[in-house]
There are 2 protein chains.
Amino acid sequence: MLGQAPPERSDAARNRLKIIDAAVRLLAEHGAEQLSLDEVARAAGVGVGTVYRRFGDRSGLLLALIDERERRFQESFLSGPPPLGPGGGASAAERVTAFLHALVDRITEQEKLFLLLERSGRYTSPYSVHHTHLAVLLAELVPGADAHFLADVLLAPLNANLLCLRGYDTARVKAGLDDLVRRLTPRG
Amino acid sequence: MLGQAPPERSDAARNRLKIIDAAVRLLAEHGAEQLSLDEVARAAGVGVGTVYRRFGDRSGLLLALIDERERRFQESFLSGPPPLGPGGGASAAERVTAFLHALVDRITEQEKLFLLLERSGRYTSPYSVHHTHLAVLLAELVPGADAHFLADVLLAPLNANLLCLRGYDTARVKAGLDDLVRRLTPRG
DNA sequence: AACCTAACCGGAGAAGTCTCCGTTTACAAG
DNA sequence: CTTGTAAACGGAGACTTCTCCGGTTAGGTT
């Protein structure tokens, strides 16, 4: 029952774009590690206060930088072609595996950003979407298990921290996950 | 082949204790969230520089605050009585389960500290010990699997973030882990 | 006891995140 | 075009984490 939010004012929209642009540019130039919001504000030609009003805090900005690709990713498993998306052609096991593989690639693709985002320590809305999706598949795939918890278990190791900092390559992670899913699936 | 470190000077030792004391006290008073090292230094009656030389950085201090209990915990699974510790009386499956349960309790016990520590984002030496221990047990329990990766998978969901922030109680987590281990174990 | 020096001390200050609030601006209504 | 006002602006400054370095001290040596 929320009333609909008032439309964004033109100066606000303009500044939001300037900020995102500046952030992307600085990211490409200096790397993610030393992306200071002060600097972003300066490069965008706005005050720091503006950055914070637009994006709430550091992780809000990082989330915005991740958003476009994330939206494409979510579309691909929510409404794209099988085996990632729904549609008769894929079993639950195939979809789980495809989803986990895609998520590994997804995180690797923007690993520096995910790394910073994880440091901020709050659960993000992308996480919720991934979790819900996976839980639904797991409820079908592993009957009798606590699907919500199991989804958290499978998502937990897929963080940039583990993927970047512990020396796993993506092939090994994918193989490990495949093996895990195979063992979890009841054999008939 | 490191030469042995020179013994700690008496003023350094005294200050280290004062800092730990002050940190523990402030932790009890104001909670972990707002534990600033500046304040710790002031409460301990030393300069900030001293805190940083002693402990390296924020997470170094947090690690020191965790250290005593962690040492007891490690003793209990490395050389304590079964099923947690070694000794003929427990199967690998029992030891894995016992270890995971104990680790859930261990983290819950100092969850606020672990939460802050995880934010710092580096893998800690306790993690390495837990990981090695678990990997050895899993190599026996789940032959043919990538035991090191599997150990990371099982440890990943056991973080304060998940345990505190997602509304699981310890009973549910333990039950979920038990079920998971059961499903992973090859049936004869 | 006086001396030497490696190790330690402490606080000023750099750099970053985020807040507060007085000023400015977009835009809808008259 | 004027006016009213809700929203947006921006930068000073509070608060952190962490570094740097000139001054101090513990404790072995002579």
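The figures that follow rest on heavy atoms only: side chains count, while hydrogens, waters and symmetry mates do not. Here is the naming used below: chain letters follow the sequence lines, and residue numbers restart at 1 for every chain.
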How do B:Arg14 and B:Tyr52 order along DNA chain D: which one's closest nucleotide is nearer the 5' end?
->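 Nearest-nucleotide comparison on DNA chain D picks B:Tyr52.
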Position toward the 5' end of DNA chain D (nearest nucleotide), A:Arg16 or B:Leu37 =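 Result of the comparison: A:Arg16.
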Could you tell me whether B:Arg42 and B:Glu39 make a salt bridge, using a distance below 4.0 angstrom between a side-chain N and a carboxylate O?
->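 Result for this pair is no, no salt bridge flagged.
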Decide, yes or no, whether a salt bridge links A:Arg14 with A:Asp11 under the criterion of side-chain N to carboxylate O below 4.0 Å.
->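 No, A:Arg14 and A:Asp11 are not salt-bridged.
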Heavy-atom distance under 4.5 Å between the side chains of A:Leu61 and A:Arg54, does that happen here?
->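 A side-chain contact is absent here, since even the closest heavy-atom pair is not under 4.5 Å.
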Donor-acceptor contact below 3.5 Å, side chain A:Ser120 vs main chain A:Leu117 =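 Checked: pair present.
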Write down the distance between [atom1] ([X]) and [atom2] ([N]), rounded to a whole number of angstrom.
X	N	atom1	atom2	value
A:Glu33	C:dT17	CD	P	13 Å
B:Asp57	D:dT19	CG	P	8 Å
A:Arg122	C:dT17	CZ	P	15 Å
A:Lys18	D:dG10	NZ	C1'	12 Å
A:Arg53	D:dG11	CZ	P	12 Å
B:Asp38	C:dG16	CG	C1'	14 Å
B:Phe55	C:dC8	CZ	P	13 Å
B:Arg42	D:dT16	CZ	C1'	12 Å

Answer yes or no: does a side-chain N or O of [X] lie under 4.0 Å from OP1 or OP2 of [N]?
X	N	answer
A:Arg58	C:dT17	yes
A:Thr50	D:dG10	yes
A:Asn15	D:dC9	yes
B:Arg54	C:dC8	yes

What's the closest nucleotide to the A:Val48 side chain, out of C:dA12, D:dA8, C:dC18?
->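 So the nucleotide nearest the side chain must be C:dC18.
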At what distance, to the nearest 0.5 angstrom, does CG of A:Leu138 lie from NE2 of A:His131?
->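 Rounded to the nearest 0.5 Å, the CG-NE2 separation comes out at 9.0 Å.
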Take A:Asp67 and A:Arg71, measure what salt bridge (charged side-chain N to carboxylate O under 4.0 Å, His left out) needs, and give me the verdict at the end.
-> CA-CA 6 Å; A:Asp67 192 60; A:Arg71 199 159 10 221; 2.8 Å; yes
Would you mind classifying the nucleic acid contact of B:Leu35 as base, sugar-phosphate or nothing, using non-hydrogen atoms under 4.0 angstrom?
->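 Result for B:Leu35 = sugar-phosphate.
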Within 45° cone of A:Tyr123 ring axis and under 6.0 Å: B:Arg166 NZ or CZ |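 Pair B:Arg166/A:Tyr123 counts as cation-pi.
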Show each protein N/O and nucleotides 27-30 of chain D N/O combination with a separation under 3.5 Å, one pair to a line.
from   : atom 1 : to      : atom 2 : distance (Å)
D:dG27 : OP1    : B:Ser10 : N      : 2.9
D:dG27 : OP1    : B:Ser10 : OG     : 3.2
D:dG27 : OP2    : B:Ser10 : OG     : 3.1

